[in-house]
Structures are given as C-alpha cells and as structure tokens.
Amino acid sequence: MQDQRTGSRFPRRDQRPDANEREPLTGSVERVTFHSPESGFCVLRVKARGRRGVTTVVGNAPSISPGEWIQASGTWQNTPEHGPQFKAELLQISPPSSAEGMERYLGSGMIRGIGPTMAKRLIKAFDTKVFDVIDDHPERLKTVDGIGPVRVKRILEGWREQKQIREIMVFLTSNGVGTSRALRIYKTYGADAVPLITENPYRLARDIRGIGFRIADQVATKLGIKHDAMIRARAGLAYTLLQAQSAGHCGLPVDRLLEEGEELLEIDRHKLTDALEEEVSEGYLVRDQVTTAPGGESEPAVFLPNLHRAEGEIGERLLQLVRGQPTWGTIDPDDALTWVEGKLGFELAASQRQAVAAAIASKVLIITGGPGVGKTTLVNAILQIVTAKSVDVALCAPTGRAAKRLGESTGLEAKTIHRLLEVDPKNGGFKRGRDNPLECDLLVVDEASMVDVVMMAALLQAVPDQGAVLIVGDVDQLPSVGPGQVLRDVIDSGAVAVARLTEIFRQAAESRIVTTAHRIQAGSMPEMPEAGDALSDFYFVPAEDAEQTMSKLVKMVGERIPARFGLDAIDDVQVLCPMNGGSVGSRSVNAELQARLNPPRPQVAHVERFGWTFRAGDKVMQTENDYDKDVFNGDLGRIVRISLDDQELFVRFGADRGLSNEVTYRFGELDQLALAYATTIHKSQGSEYPAVVIPLMMQSFVMLKRNLIYTAVTRGRRLVVVVGEERALSLAVRGGVAERRVSRVSDLLAAPL
C-alpha cells in the first residue's frame, strides 16, 4: 500500500503509530481471501478510503462477504511472508451502500438464488434501492429477466435466513463462541435462537452436535450464570452421561458419574448430589442397577432415559420372542438336513448341522464366528428350508454395503435396517413398530455386532409376536459405534440359543486374510509373507516413523495397488486408521490422499467448511443420520458438483444404498460430511472393501486393541496391507480388548422381567 504522505509502499518507521496507538481504516471488501467459520479469523482485501490500490486486512468477524463496508481500528505490521498488512483489533461490518458494493455482496453466494449474473441484473434494475425492494416490495423482483415465482421464493428465504443467522453469529461471537454451527443452531431453534440460548445456554450442548459443554459453559459465564449454579451442575451431569454415551456406555455407576462430574465442574459433590436428585425427579435422568463386571455385584447407576428405555425394550422383547414355536411348525431336522444338502450339493459340517437343527426349532437364534467359518452357507441352508414352507422372510443389515452383500449371498432382497423399518422424517423415528409390525415370519439381521441398543430396540419392537429372529454377527469384532454391546450381552446372558462356528473351511483357509484374522483373534502375530509374494492377499510393510508410513501409504494407494491389482484408487481402496488425530490419523491421511488423488484444478469448484476442503470428485462419508435427506451415518459417496451461487454441494451415494439420486447439502450443513479416502476402523464396521490399507504406529497406542486390528483386517475382501511399526501391530494383537461397556441388557435377560 502507498503512504499518501511519503509516496512509499509502507509508512516510515518514524511515522508509524506506537504499538498501543490504534489507527482507523474504513473501506469496501473487495475479496475475502480467507475466513474461518469456527474462529471468525479472516484475511480481507479492502479498497480503503484515502489509499490507493487494495489493502490486506486481518482480523476477526463472525461473517463477512465481498461488498460489505468495514470500519476497523488497529495497527500496521509488516511480515516477511505476506508483506504489509493492517491488523484490525476492532472490526465492524456494515451493509454496502454503493451500487458496486451491493452487486459484489449479492453476487458473493451469500443469498441462495442470486449469483454474479443475477446480481448484475438486480443492480441494473433497482440500483441502490435493491435491498429495500427485497425487504419491502419483493413482488417487483419478478420484473427482472430470469426471476420467476420459484426464484423469488428462494431469494426471500435466503435473505431472511441470512439476517437471522447473522444475528445468531453476532450473539455467539459477542459471548466468546465461534460461529461455525450458526446454521445448525438456526435450523434447530429458528428465529427464537437468541432468547432460547439466553434463557438456558446449556441447551446448546444437548441440542447442537459439535457444541460441547465447555463451549456452552463459556456462553453461560458471559451471560452471568454463576460457577456453582444449579443449572450448571445439572447440565454438567447430563453432559458427563452424554460423553459416556459417546464412549459406548449406556449409563454410569452413580459414584463414577459424581466423580467425573466433580472433575469437570469443580463443584462440591454435595451440590452435585442435589443436582442429580433434581435431574432424576424431573425425569431427565433415570436411576437403576447395573452389573459392571461378569459375576460381580450390581450397583446403583444412572442412565439417559432413551437408552434406559431401549435396553428395557430389548430385554422384554427377546424374552417374549423366545417363547413358543416358530410359524413353520415342527420340522424333522434329519429330513431337513438331507433335503438341504441335496439342494446345496455338498454336506454341511457337524457344527453347521447342529446350528441348522437349532434354527428350525427356535424362535431366536444367534450365529457367530469369524471369517471363513461358513456363516453365509449356514444362513443360506436355513433360508432354503424355511422358505420351502412358504415362510415370509425379511433380511436386513446396518449398512448399505452389508445389506447388498447379504442380498447377493442369499439371492433374496435385503435392506438396511433404516429402510426396512421405513424412516419417518417428520417424527424422526420409524413407521414400523409394535403397532405396525413387519410383515414377515422370520427376520434375519446380519452384521449384528454393529447394531447399538437404540437400533436393536426399534428392530425388535417391529418383529411380529409370532415372528422368529436369526441374528448373525462376529462377536469378536468391535462393538457398535453407538452405545451398548448388544450382541455380546445377549450371548453372555445365556437366554438365547447360540451357534458359535469355529472351523475354518478349506477354501477360506487358503486366504491369508482369513488365517491372519484368526491368528489375531487367538492373540498370535500374523505370519508375514515375503514382500514379493504375488499369491498373498495380506502384506505387512514396515516403516520406521510417521513420515515414512505416510509416504509409503500414499504411494501404495495412489500407485502400487492400482497398478498391481487392477483396483481403482478411490472406489476400491479404503484406508482404515485406528484414530482420527495424529500424523497418520484419518484426518492427516485424508489431506494427503486428497492432494494425490483429487488435487485442486482451476476449473473445479471447491468449498472450505468445518476444517475440510471439498472438491468435485472427492470421496466423502455421511457422519450422522439425516432422516430428511435419507442418508445415514457411514454412507459413502462422491461429490459430483458444487454450486457456489446457490451455496450447495451435491453427493451421489453408492448404489449399495439402493438409491441412485443425488443428495443436496447447504454449505452450512457440511459438518455432516467428512472426506473418506481414509476413515477410522470404528466407522468401517459392517462394510467390506476390495482392498484395505491400515497404518499402525505406536502413536496410536491407546487405541491398539485386539478387536480393533481384527475388525480392520476382516474388512478387506481381496487385499489387506498393514504399513507401519511391527511393535504397534504386536501391541494390538496382544493388547486384549477394550473396556467393557456399562449396559443392562445381559442383566435383564439373565433375570427375566
């Protein structure tokens, strides 16, 4: 920038203000070089009043768009990397008042339905009165070429929404909170957001994903709520239980809850005990008993009501369903086995024959076992026998990939659990339930290890009273991402018949993936193939440190695996990481693979939101259930296009979801998506991929458990490659399993209601 007094590009040292002396700067925003919705930090190019050219201004603003007018106060600084900049300590934003500024603002993509071309037309038609027209005379918009009733509606909705979102942003930032969740807050609370948050800021932690207790606590402090206020104590206990739910627990023993609450809140335990009593008496929390260790004594515990209710429904429903005879009546097992073996063309193993006999005599049966032990063959045999008796069968699995695989292996239609139960977007639940049960005599549930208590409760409630249930899953895999450990608890209870298959069949035994998985499950290190073994489907590639691990991983995914195995680097290869963070965690790996497989290109639009950069062609994963969009946690897709004008991004999810339509996301909803070149092992449950690459380093030691690496290895169908430190693999294999989750299902089944 040129100093008006000296003609130089930067004020002379003796003419600059002292460090404590602020200088004013006003002007119009020409370009927003960078803006973080989370922190509000921004880098702006500003046409400053009284200065030639364009000035770089850095500061903080909840929201900023080209064309807006800023009034700033700050100091000049000169950095080796960026040159002269104006560092704004105070930054106030006003709507643009000039026609040029208004055009730039409207064309920035802030308002849905208005892009650069339409902005020019609006300014040409209404000049500086355009904002007044939108506010007071929106019917006049129809006089502009290209604007009809539908576009008018979109423009008005976008205009009104932006005003309310900006109000929320200003409120949040004035109370010490970033603005990245403003759209989610607006969608949750609507125009009442500010008064509702003011009344009880802790509701943010309960209602808004991504806003935890600590952020809500900052707002509360700014609003004058005392440190030891009862509202804070109660909110802290509820938050502690929500954190336990995120770790897979359905509740916590009372002593543990109070101990963790005391550590979080720094409030006297007597006060917390009173807060707990209020939460329980008003129905926000539920007291009960739980056994936290096999064979141990039960102890007082506290639960969130929805999880307590779900566990009770699982226990009650299973005990009801196991009684009586299945609808197909009595079938002679010897005759049935002879008949089905003739249909299959081979004899079943002894363990499979026993399981078939148990299945046709039981209303509820669990089949469990690792890869290659014949679970699929067994399910097919059972289905052939019962369908020959004109039995109506329904098949389901937790994910689209698992449902597709189940359908292919049985030759029958299989659905995801969500689609089988028929999602009800209006109520956020399901249309199928106790009052509207499924129309089937036998329900088959595959990949049951990843079904949490809420989903299992909904599924069992929808089984008709006369129906039978066949539950299939590998109990040695990781438990569900959601709360509970339903499959393990039901097996441990002894209340339901269980067929555990252990024999590896000859064809499966030829796969090193299968034999490696079973060695890991037994606590033994995998047999390492030679690096050049062309016949192997399992490899271990040593790396000394994180940098080398990342380098080898990127080269493997982007070059070596596609060249050697004929697989697509994006669609067929999945990287599975023990954790999100760290130098070889899924976030870091995603950034590296995106740069390699889908680098930035001038003609390809991109958008930066919530810590991710999204581009057309990127592989992404849905990270939460969205009933309105009909997409669910774990669904994988590809970004097909991005509209900067309409602030929308379009994803086509895989055919394994049973759908081929595109799903639309507003930019403010992109916290529902994450890049998915790499994902965590937990997120991969229920899925199977042609090739899996697993980075293992000691930096992830807290996560390295046997069931974690076992789950990762069993996700690969044609190829599994582990890259990293051998001692990390050894720690995972010999490290036992994760902490047992706090859950009541086993207790409920062992002690009938």
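Computed over heavy atoms, backbone and side chain alike; hydrogens, waters and symmetry mates excluded. These numbers come from a predicted model, not from an experiment.
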Pairwise salt bridge (Lys or Arg N to Asp or Glu O under 4.0 Å) hits with a residue in residues 115-131, at least two apart: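 Qualifying pairs: Glu103-Lys120.
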Heavy-atom closest pair, residues [X] and [Y]:
{"X": "Pro695", "Y": "Leu576", "result": "CD-O, 3.2 Å"}
{"X": "Ala605", "Y": "Ile642", "result": "O-CD1, 3.6 Å"}
{"X": "Ile64", "Y": "His35", "result": "CG2-CD2, 3.8 Å"}
{"X": "Val620", "Y": "Ala676", "result": "C-CB, 3.6 Å"}
{"X": "Val152", "Y": "Pro138", "result": "CG1-O, 4.2 Å"}
{"X": "Val573", "Y": "Lys619", "result": "O-NZ, 3.3 Å"}

In Å, rounded to the nearest 0.5 Å, how long is the span from [atom1] of [X] to [atom2] of [Y]?
{"X": "Asp630", "Y": "Asp628", "atom1": "CG", "atom2": "CG", "value": "10.0 Å"}
{"X": "Arg151", "Y": "Lys142", "atom1": "CZ", "atom2": "NZ", "value": "14.5 Å"}
{"X": "Met556", "Y": "Thr549", "atom1": "CE", "atom2": "OG1", "value": "9.0 Å"}
{"X": "Thr55", "Y": "Glu30", "atom1": "OG1", "atom2": "CD", "value": "10.5 Å"}
{"X": "Leu670", "Y": "Ile639", "atom1": "CG", "atom2": "CD1", "value": "8.0 Å"}
{"X": "Asn590", "Y": "Tyr677", "atom1": "CG", "atom2": "OH", "value": "8.0 Å"}

Audit row: Thr613, Gln594, side-chain hydrogen bond (donor to acceptor under 3.5 Å, both in side chains) steps and yes/no: CA-CA 9 Å; Thr613 298; Gln594 183 190 43; 5.4 Å; no
Glu23 and Arg51: CA distance, side-chain angles, deciding distance, salt bridge (charged side-chain N to carboxylate O under 4.0 Å, His left out) verdict: CA-CA 14 Å; Glu23 182 176 333; Arg51 294 185 178 275; 3.3 Å; yes
By side chain to side chain donor-acceptor pair (under 3.5 Å) - contacts of Trp69 (at least two apart): none
Arg587: side chain to side chain donor-acceptor pair (under 3.5 Å) partners, not counting sequence neighbours: none
Asn633, Val651, Asp635 screened by side-chain contact (heavy atoms from CB on, under 4.5 Å) with Gln622, the one that passes: Asp635
Test item: [X] and [Y] side chains (from C-beta on) under 4.5 Å apart, heavy atoms:
{"X": "Met703", "Y": "Ile681", "answer": "no"}
{"X": "Arg203", "Y": "Tyr189", "answer": "yes"}
{"X": "Arg234", "Y": "Tyr202", "answer": "no"}
{"X": "Asp135", "Y": "Trp159", "answer": "yes"}
{"X": "Pro24", "Y": "Gln71", "answer": "no"}
{"X": "Val144", "Y": "Phe126", "answer": "yes"}
{"X": "Val631", "Y": "Tyr665", "answer": "yes"}
{"X": "Val663", "Y": "Asp626", "answer": "no"}

Short side-chain to backbone donor-acceptor contact, Arg22 and Glu89, under 3.5 Å: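 Judged by distance alone, no pair lies under 3.5 Å.
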Arg652 side chain to Phe650 backbone, donor-acceptor under 3.5 Å: no
Check against salt bridge (charged side-chain N to carboxylate O under 4.0 Å, His left out), Glu669 and Arg609: CA-CA 9 Å; Glu669 298 172 327; Arg609 286 293 189 279; over 6 Å; no
Thr56 vs Arg45, side-chain hydrogen bond (donor to acceptor under 3.5 Å, both in side chains): CA-CA, chis, key distance, verdict: CA-CA 5 Å; Thr56 298; Arg45 298 287 283 168; 2.6 Å; yes
Whether Trp76 and Phe86 hold their rings parallel, tilted or perpendicular, with breakpoints at 30° and 60°: perpendicular
Pair Gln574-Ser684, side-chain donor/acceptor within less than 3.5 Å: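 The answer is no; no qualifying pair exists.
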